[in-house]
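Quick notes on the structure that follows.
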Amino acid sequence: MSDTTTTTSTPGAVQTTGHAWDGDLQEFNNPLPRWWLWSFYATVVFAVFYWFAYPAWPFGKTWTKGFTTATYTEGGQSHTMRWNTRSALLEDLDSGSDAKRQRQYLDKIAQTDYAAIAKDPQMVAFVNQAGKRLFETNCSACHGRGGQGVVGLFPNLVDDDWLWGGSYQAIETTLKHGRNGYMPAFGSVLNATQIDDVANYVLSLSGVVPSSEASVRGQKIFTGATGGCYMCHGDDGKGIKSMGAANLTDKIWTIANVPAAQSPADKLAAVRAVIGSGVQNVRKMPAWGERLSAAEIKLMAVYVHQLGGGQ
Ligand code: HEC
Ligand code: HEC
């Protein structure tokens, strides 16, 4: 049984609620501290505010959307959306402090010429950081994460050998308009011996095979009307950049996988195969002029230039 009168206890003793059970079982009266109670009420008020401000309650097939909005620009147009994690992310990417800093740097790059960018350590640091990210998103699928390329398909961008030229301007043109090098197939123009001869000559240019009677015959084909190779690769085989034709005198190979071939016979076979079938639509550098802004292209030109030895 209980009775409901509050007992006033002697000063200093613990207050009880006055309830007593079983004769002497009492309940202490320990009220919550005031600060605690008020903080608790504040969280309740905050929760109610939050329900109205942000997406909160499921509601049939939808949910309460809240009155907070996020604003971002996409494709030059400003969009205002009800707040959600996606619109908040877009807003942050668009006008967050990182995005603002990035835009400032991009504007600066757009207005600065290449030589001056390369001399400014702060801009170079930005190019390296932003360039790496852009490269991973747009370029590494073909050129490899580090830009080392894939023999036979995608040129190595880390070395200082350039098909189309390694100056800032040449790289910018490559990026803006894309590249698609072309070499005719000689399989039906030259006979097997001629192809073998000219392949010997090509390999002798970089010292993979010693010069021989075959390579001397091959040279005539290369520099004469029969082969006409010189028109793209140059009389000396060093390549003509405006044609995107490889330098055949260095030990760098983009199409013929000579380094992977073990024996001289296999190396010859690799070169013969390229001469026989040419280089046509096997691969292509896409144009980025539409996909990246002018400033981003400039940034990427600086990035690629310093990846390999730019010229
Ligand atoms: C779809 C595959 C692909 C993608 C993606 C790609 N490239 Fe290329 N890239 C190529 C091919 C193929 C070539 C060689 C084209 C040729 O010589 O005909 C090339 C050539 C180049 C060259 C010229 C190299 C030289 O030796 O002159 C540069 C520079 C280059 N790419 C940079 C880039 C950058 C920077 C990106 C990203 C913005 C990129 N590429 C994205 C396939 C690609
Ligand atoms: C119309 C221009 C053109 C002509 C003519 C031409 N080539 Fe090419 N050649 C190219 C291009 C473009 C490539 C591709 C460049 C690259 O990515 O390595 C190439 C690539 C090659 C390669 C592979 C190089 C490598 O790094 O893997 C060899 C070998 C070669 N050519 C030999 C010849 C020979 C031999 C002839 C003459 C019988 C010849 N080319 C005629 C344009 C030409």
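Values below: every heavy atom of this structure, side chains too, minus hydrogens, waters and symmetry copies. For ligands, and for the atoms within them, numbers begin at 1 and follow the listed sequence. Along the sequence shown, residues are numbered consecutively beginning with 1.
When the heavy atoms of M285, K284, M300, R283 are ranked by distance to atom 19 (C) of ligand 1, first place goes to M285. Comparing G165, C139, G131 by heavy-atom distance to atom 36 (C) of ligand 1, the nearest is C139.
Remark: minimum distance from atom 15 (C) of ligand 2 to any protein heavy atom is reached at G244 O, 3.4 Å. Summary of contacts: the protein heavy atom closest to atom 3 (C) of ligand 1 is C142 SG, 2.7 Å. Residue, atom and distance of the protein heavy atom nearest to atom 17 (O) of ligand 1 are W164 NE1, 2.9 Å. Looking only at protein heavy atoms, the nearest one to atom 41 (C) of ligand 2 is F186 CE1, 3.5 Å. Considering only non-hydrogen protein atoms, atom 18 (O) of ligand 2 sits nearest to T254 OG1, 2.3 Å.
For Y303, no heavy-atom contact with ligand 1 is shorter than 4.0 Å. Contacts with ligand 1 closer than 4.0 Å are made by side-chain heavy atoms of P155 only, the backbone lying farther away. Residue contacts with ligand 1 for A170 are absent, since no atom lies close enough (heavy atoms, distance under 4.0 Å). Contacts between L175 and ligand 1, counted as non-hydrogen atom pairs separated by less than 4.0 Å, involve the side chain only.
Close contacts between ligand 1 and L163 involve ligand atoms 17 (O), 25 (C), 26 (O), 27 (O) [criterion: under 4.0 Å to a heavy atom].
Residue F222 has no nitrogen or oxygen atom sitting less than 3.5 Å from a nitrogen or oxygen atom of ligand 2, judged on distance alone. Not one N or O of W253 is nearer than 3.5 Å to an N or O of ligand 2, by distance alone.
Applying the salt bridge (Lys or Arg N to Asp or Glu O under 4.0 Å) test to every pair with at least one member in residues 163-192, sequence neighbours left out, gives these pairs: E172-K176.
Salt-bridge annotation for D159 and K251: absent, with no side-chain N of the basic residue lying under 4.0 Å from a carboxylate O of the acidic one.
A side-chain N or O of T73 and one of D94 form a donor-acceptor pair less than 3.5 Å apart.
Among D197, T193, N200, the single residue meeting the side-chain hydrogen bond (donor to acceptor under 3.5 Å, both in side chains) criterion with R217 is D197.
Annotation: cation-pi pair K132/Y303 absent, no NZ/CZ under 6.0 Å from the ring centroid and within 45° of its normal.
Between atom 8 (Fe) of ligand 1 and the N, O or S atoms of H143, the shortest distance is to NE2.
For atom 8 (Fe) of ligand 2, protein N/O/S neighbours under 2.8 Å (waters excluded) are M183 SD, H233 NE2.
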